[in-house]
Each structure stands twice: as structure tokens, then as C-alpha cells.
Number of protein chains: 2
Amino acid sequence: MNVHQRQDAIVRLLRRNGTATIADLAKEVGASRRTLLRDIGALREAGFVIHAEPGRGGGLRLDPQSVQTTARLSVAEVFALLISVAAVRAAGGLPFSRLADAGLAKIEKALPPDKIQDLRRFLECLYIGELSPRVDTSDMGVMDPCLLPAFETAFLGRHPLRFQYRDAKGIVTKRLVEPQAMLILPPLWYLVAWDPARDDFRHFRMDRISEPEYVEGGTFRRRNAPFKKGIRPLGPLPS
Amino acid sequence: MNVHQRQDAIVRLLRRNGTATIADLAKEVGASRRTLLRDIGALREAGFVIHAEPGRGGGLRLDPQSVQTTARLSVAEVFALLISVAAVRAAGGLPFSRLADAGLAKIEKALPPDKIQDLRRFLECLYIGELSPRVDTSDMGVMDPCLLPAFETAFLGRHPLRFQYRDAKGIVTKRLVEPQAMLILPPLWYLVAWDPARDDFRHFRMDRISEPEYVEGGTFRRRNAPFKKGIRPLGPLPS
DNA sequence: CCAAAAGGTGCCAAATCCTGACACCATTGA
DNA sequence: TCAATGGTGTCAGGATTTGGCACCTTTTGG
């Protein structure tokens, strides 16, 4: 049994039994008393709150509030969680929104600083409407998460975006547009962009966009996209 | 410098420089070429996508999409995130719900197995209405996260719950009820319980409950709480 | 076509770190 | 006071990690 497994086992035993003595735990995981004490020290250093009572009838007790999880999330997953929580907040909030914010803040702090900057700036481009589904979702295509980086780069670098668009009739056209905002009208997701060829704003359903590609070196000025009533910015990250 | 610090440093260097050769990295972190190769292998196993180009001008490149974050979340924070994402799903979903689910699944897997069971069973007690705020939030009290464990224990062990309740007029009474469900009507949160003293169901606003305490040893049978139209179970975790 | 630069693998001895044993201290309750 | 319990220091021996070496494959420049 290696270090990690052993410390895992210790946490499990403490959770199950409520309290236990070091001698018991040592016997259970098959290690010496000294090693157990070292493991307990390591677990405490890792954030577990383990109360200890010396004397007869004493022992160790794991504070149930301090059980923690360390998961490795990709940037895209963090982004998805951010959007979910921000959407809930934009819809009026839930009783535990603050806790969710706190969790996200921790996740965010663990990202590299430049990535945080990117995420914040990208979130500023997001707008959301009412959080109740308005359309039938049966014919909905999937929004491929792999497409996201191209959009992110286009928005952050203010590059024009080139893609193929399949409209409601199934006709496929090539577009070259200036991305202005992303609009969430659950469960759909639109790119709001200035289309120079048509000299006007256009909405593009994200699940109908394919092969997006930003134009390297190109740039454009920002315009004020006209939003209908009831559409709000998704709001910044909690700080 | 230990293994962890060194692998952290490697990720940082790769992120900063864009690309680097193994010889460079080895010199930078003060380890041998062989050790660097072993570390790179470990990082790949841990989920980092590191592209390698052999030959002149080649080197290692860290896929920016695979940059990961490892945050330590408490169980309460995980719970809050779960509720947010589940609420969004119950409201019709967002384009990135699947990614958010994937992230949560990872977080969940990192919890102790028995805690996962508890969370799943507790989530089954949750119901949600329309996700648009109906009441004025200005007079809303705070729902203290520290109160959660008492509720969780009461629900999971089917123990009666004792608490103080301050009603709309500010009158404080003591209650002893049988908790049946938790109801989310954003941004409020209600305990739906059978009140034996009144021989009927009662809704209690969570922000008006204080000093909750479950009755050890006590138990009761489950009843079918009558829900209004439009109220749905929050739904199980993604599997 | 060759050489140099780069990543990748297998092997083994040396260095490092972890473990267990022991002695000892502090605190608590009977 | 004594026994049970957590906590710390030290040290030898064993397990693990590290570094060095030989060798392979791929790619690029001359």
C-alpha cells in the first residue's frame, strides 16, 4: 500500500467510525504507529481538520466540514461551470450562490494568471436572456466544445471570424464577420456579429456554425450591438 | 526541490515559454534529462497534453486547452456547485451543460465514496420551481452554510428536526417536524416538512430557521408531499 | 545522404527518502 | 499514581527516486 492509498484509507476509516485511536488505525492500514502519526500530520497539512483527544477514551476525530476534494479541471470545464453559476446568478440567484461563488473563486485562483484575464475578458462579451427554454430542443445540433478556442481568440484579439453557416433551411454559406457578443437564450447560444457583406448585425446559432477560424492579423472596431429588452450582461466573475 | 514542485515548475515554464526543449527544462529546474523525461511522462499520465516535435528546432509544447486547475473544495462548495448546475439543467440547459457536468463528475469522483452516496441521496430530496425570481430579495436573511449538515443528517437518517422559526411577523416559535423535501423557489429555499403538532404539511423559509438540530435515534415514515404544478425534482447527478 | 538536434526507452548503481523501532514527553481520566 | 492516549526526536535499513549511459527514431539543414 503506498502513501496516497494509506492516507485515503485513514480518511475513510475516520469518516466511517467517527473516532478512532492511532493504534487502531495503524493496525487497520497495516503500518506502524509512527507512520500513522506522520500521515496524520500530512493530512492536517493538506487541510483536513483532525481533532485529537489525549487520555483514556480519547482518540482522533475528523471534522466532517473539512472533507475536501481536489479535482483537476480543464479550462473549458471551468468556463462551463462559470457560465452555469453566472446564469443562475443572473436569474436571481439561489440560496447557495455565495458558496458556489466561493468554490469557483478557488478554482479560478488555481488557474494561471493570464488565463484568468482571458476568462474575465471573454465573460464580458456574454449576454443572457430569460432562463427558461423557449424553443423545441429536439432538432438541436450539438455545440462542440472544441470550437470554443477559435471564438475565444477572435473575441480577445478582436479578430474577424470566418466560418460555415447552415441556416434554418439547411443552406450552407461561408461568412466572414466581426464578432461583437455571445448571447445565451437557453438552451441556445448565438454569436452576435457585424456582417460587413450585409452592412448589418446578424445572429448566428452556434450549433449551426462549423469550421470556425479567426483571421490572423485582422482587426476591427467595436460596435454597440442592439439588444432586445430583458437581455442582460452575464456579469463579471465574483471577486 | 521535490517531485511535485518540480513538475509544477515544468508546467509553468512550458506555459510561459510556449515551447522548450528537454535540455532547457532540465537545466532550469536543476534535474537531469532522464528525470525530465520521466516527469513529462507523469504529467501526460495526469492529463496534460504535451506535444513533442523531434528534430532540429523541435521541442515540447503544452496544449493550452489542457491547462488544468486543481482546487480544493469543501463538501459544501461542491454541493453548491451541484445545485447551480442542476438548476440550470432543470431550466432547460445551457450549451455547455455537458462540460459543466463533466467537470462536476470529476470533482465528485474525488470525494470519499460514502460522501458521494450521501450527496446523491440528499439531492433526491430537492425540488425546484421556475428559475426566475418571484419575490423581493431586499429583506432576505442569509442562509448560513453551517446549518446544512444538520439538515443533511436529518434527511439521510430520516430523523425528526428541531429548530426555531421566525415567521413573517417576526414571532419566534420552536418546531419539531419530519423533513420531507427541500424546495427551491429562486432565490428562496424552503424546508417542506410534516408538522405532527398541526397534523399537516408546512413550508419553512430556510433563512428564517435557526439552531436546527436533528433528533438522534428518532425516525418517521416518508409521506408524499403535495407539490404545486411546475415544481420538478432537481434530478439526479450526471453519471 | 549524412550529421546534428531533438524526443523516447531500458538498465543499473548511487543518492535520497520513507518506514519502523525505540525512547521519551504531555495530557487526561480512573 | 497509573494506564491510555496523542506527539516528537533519532537512527538504521529498506524502498524509491534520480542520474548517467547506451541506444533508437524522427526531423531538419547542409
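Reminder, nothing fancy here: chain letters follow the sequence lines and each chain counts from 1. Atoms considered below: every heavy atom in the structure, side chains included; atoms not considered: hydrogens, waters and symmetry mates.
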*Give, ordered by number, those residues of residues 9-20 of chain A having at least one heavy-atom distance below 4.0 Å to an atom of DNA chain C; if nothing qualifies, reply none.*
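None - not one residue of the stretch has a heavy atom sitting under 4.0 Å from the strand.
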*asked:* As an exercise, state the distance from OG1 of B:T21 to NZ of B:K27, rounded to the nearest 0.5 Å.
replied: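 Interatomic distance, B:T21 OG1 to B:K27 NZ, rounded to 0.5 Å: 10.0 Å.
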Which atoms form the tightest heavy-atom contact between [X] and [Y], and what is the distance?
{"X": "A:D207", "Y": "A:R166", "result": "O-NH2, 3.9 Å"}
{"X": "B:A193", "Y": "B:P179", "result": "CB-CA, 3.9 Å"}
{"X": "A:P212", "Y": "A:A150", "result": "O-CB, 4.0 Å"}

*Those residues of residues 45-62 of chain B lying under 4.0 Å from DNA chain D by at least one heavy atom*: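 Of all residues in residues 45-62 of chain B, the ones placing a heavy atom under 4.0 Å from DNA chain D are B:P54, B:G55, B:R56.
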_So if I take residues 21-32 of chain A and measure heavy-atom distances to DNA chain D, which residues fall below 4.0 Å?_
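Close to the strand are A:T21, A:I22.
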_With salt bridge (Lys or Arg N to Asp or Glu O under 4.0 Å) as the criterion, how do A:E53 and A:R61 come out once you've worked through the C-alpha distance, each side chain's angles and the decisive distance to 0.1 Å?_
CA-CA 8 Å; A:E53 291 267 342; A:R61 198 171 52 76; over 6 Å; no
*Using a strict cut-off of less than 4.0 Å between a Lys/Arg side-chain nitrogen and an Asp/Glu carboxylate oxygen, indicate whether B:E178 and B:R158 qualify as a salt bridge.*
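No, B:E178 and B:R158 are not salt-bridged.
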*Could you tell me how the ring of A:Y165 sits relative to the ring of A:F204: parallel (under 30°), tilted (30 to 60°) or perpendicular (over 60°)?*
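A:Y165 and A:F204: perpendicular rings.
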*Where does the angle between the aromatic ring planes of A:F122 and A:F79 fall among parallel (under 30°), tilted (30 to 60°) and perpendicular (over 60°)?*
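Answer is parallel, since the angle falls under 30°.
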Which residues share a side-chain contact (heavy atoms from CB on, under 4.5 Å) with [X], sequence neighbours left out:
{"X": "A:I50", "answer": "A:L14, A:I40, A:L43, A:R44, A:F48, A:L60, A:L62"}
{"X": "B:A31", "answer": "B:R6, B:V29, B:T35, B:L36"}
{"X": "B:V75", "answer": "A:V67, B:L111, B:K115"}
{"X": "A:E45", "answer": "none"}

*Tell me, please, the opening and closing nucleotides of DNA chain C, 5' to 3', among those with an atom under 4.0 angstrom from a non-hydrogen atom of chain B.*
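In short, chain B contacts DNA chain C from C:dA4 to C:dC11.
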*Which salt bridge (Lys or Arg N to Asp or Glu O under 4.0 Å) pairs, counting each pair once, include a residue from residues 11-25 of chain B, with sequence neighbours left out?*
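Sorted result for residues 11-25 of chain B: A:D114-B:R15.
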*asked:* Taking the nucleotide of DNA chain C with the nearest heavy atom to each, does A:N2 or A:R33 sit closer to the 5' end?
replied: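 Final value for this comparison: A:N2.
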_Segment of DNA chain D, first to last nucleotide, that comes within the 4.0 Å heavy-atom reach of chain B_ =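 For DNA chain D, the relevant span reads D:dT18 to D:dG29.
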*Check the pair B:W194 / B:R221 against side-chain contact (heavy atoms from CB on, under 4.5 Å), numbers first and verdict last.*
CA-CA 10 Å; B:W194 178 263; B:R221 69 186 174 84; over 6 Å; no
*Kindly write out the residues that satisfy side-chain hydrogen bond (donor to acceptor under 3.5 Å, both in side chains) with B:D8, not counting sequence neighbours, or none if the list is empty.*
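Applying side-chain hydrogen bond (donor to acceptor under 3.5 Å, both in side chains) to B:D8 gives none.
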*Between the two end axes of the helix from C:dC1-D:dG30 to C:dA30-D:dT1, each built from 5 base pairs, what angle do you get to the nearest 10°?*
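The end-segment axes of the helix from C:dC1-D:dG30 to C:dA30-D:dT1 are tilted 30° relative to each other.
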*Given the rule in the salt bridge (Lys or Arg N to Asp or Glu O under 4.0 Å) test, do B:E108 and B:R120 qualify, once you have shown the distances and angles that lead to the verdict?*
CA-CA 10 Å; B:E108 201 202 347; B:R120 285 182 181 270; 3.4 Å; yes
*Run the numbers on A:R89 and A:D101 for salt bridge (Lys or Arg N to Asp or Glu O under 4.0 Å), then give the verdict.*
CA-CA 10 Å; A:R89 188 168 347 103; A:D101 286 347; 3.3 Å; yes
